[in-house]
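In what follows, a structure is listed as structure tokens, so that the remarks can point back to it.
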Amino acid sequence: TYMANLGEITEIVNASELTLEVGSDNYILLTNLNVHTGRPEDRVATTDGGPIYTYGKGDNWFTATLLVSTPELSSLNTLSQTDSNGALTSTAWKIVAKDVSGATKTFAATGVLRDYDVSKPSEGKVNIDIFVRVTGDTITIS
């Protein structure tokens with residue numbers, strides 16, 4: 001179940017300040033947020049010519065850029081390791097968006113850190129681009 005509307009997603013993406021919480025860790029700066037929500041679609045033709053559509057579980061993910069330091073990098077590396085069954089660590093992800101008046105909206109979902117890229121510009125902080133696959137079938141925005 002996807003429990004939000006387009007207006008709430010827009011409020012998060014257009015917020016003046018974004019923070020990311022992963023489990024008990026809080027990453028202060030989050031930029032370049034992209035949220036994808038969708039479902040696989042199967043279209044079957046019927047004898048009367050009208051198609052029937054059925055939909056699978058959520059095909060949801062988000063990408064973002066984090067401005068972080070060494071401790072956060074260590075915990076991200078741990079999240080990207082597989083267990084003995086080849087599965088990634090499923091964890092709670094929260095994106096907290098604050099607008100200029102201080103009001104907040106929180107995007108919450110369970111997911112896995114599929115991959116991340118680390119870059120260091122000639123000036124400025126280390127950037128980490130993350131891809132989080134939402135594995136639970138519920139995304140909430142409150």
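The figures here come from the full heavy-atom set of this structure, side chains too, leaving out hydrogens, waters and symmetry mates.
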Seminar exercise, completed: Here the gap from Leu30 atom CG to Ile128 atom CD1, rounded to the nearest 0.5 Å, amounts to 12.0 Å
Exercise. Quick one: side chain to side chain contact (heavy atoms under 4.5 Å, CB included) partners of Thr63, sequence neighbours excluded?
Worked result: Asn34, Trp61, Phe131
Exercise. Tracing side-chain links under 4.5 Å among I, L, V, M, F, W and Y, which residues wind up in one group with Leu88?
Worked result: Val112
Problem set entry | Pairs satisfying salt bridge (Lys or Arg N to Asp or Glu O under 4.0 Å), at least one member in residues 78-97, at least two apart | none
Problem set entry | Thr135: side chain to side chain donor-acceptor pair (under 3.5 Å) partners, not counting sequence neighbours | none
Problem set entry | All side chain to side chain contact (heavy atoms under 4.5 Å, CB included) counterparts of Ala103, not counting sequence neighbours | Asp99, Ser101
Exercise. If you round to the nearest 0.5 Å, how far is CG of Leu79 from OG1 of Thr91?
Worked result: 6.0 Å
Exercise. Would you find more than 12 non-hydrogen atoms of other residues, nucleotides or ligands less than 6.0 Å from Lys57 atom NZ?
Worked result: no
Problem set entry | Residue list, salt bridge (charged side-chain N to carboxylate O under 4.0 Å, His left out) with Asp59, at least two apart or on another chain | Arg133
For this session: Starting at CZ of Phe107, measure out to CH2 of Trp93 and round the result to the nearest 0.5 Å.
Result: 11.0 Å
For this session: With sequence neighbours left out, write down each residue that passes side chain to side chain donor-acceptor pair (under 3.5 Å) with Ser84, or none if nothing qualifies.
Result: none
For this session: Could you walk me through whether Ile139 and Val134 pass side chain to side chain contact (heavy atoms under 4.5 Å, CB included), step by step?
Result: CA-CA 8 Å; Ile139 295 171; Val134 174; 4.2 Å; yes
For this session: Any pair with a residue in residues 45-55 that passes side chain to side chain donor-acceptor pair (under 3.5 Å), sequence neighbours left out, goes on the list, sorted by first then second residue, please.
Result: Glu41-Tyr55, Arg43-Tyr53, Thr46-Asp48
Exercise. With sequence neighbours left out, what residues match Arg114 under salt bridge (charged side-chain N to carboxylate O under 4.0 Å, His left out)?
Worked result: none
Exercise. Taking only residues two or more places apart in sequence or in another chain, which ones pass side chain to side chain donor-acceptor pair (under 3.5 Å) with Ser90?
Worked result: none
Exercise. Quick one: side chain to side chain donor-acceptor pair (under 3.5 Å) partners of Asn32, sequence neighbours excluded?
Worked result: Thr65
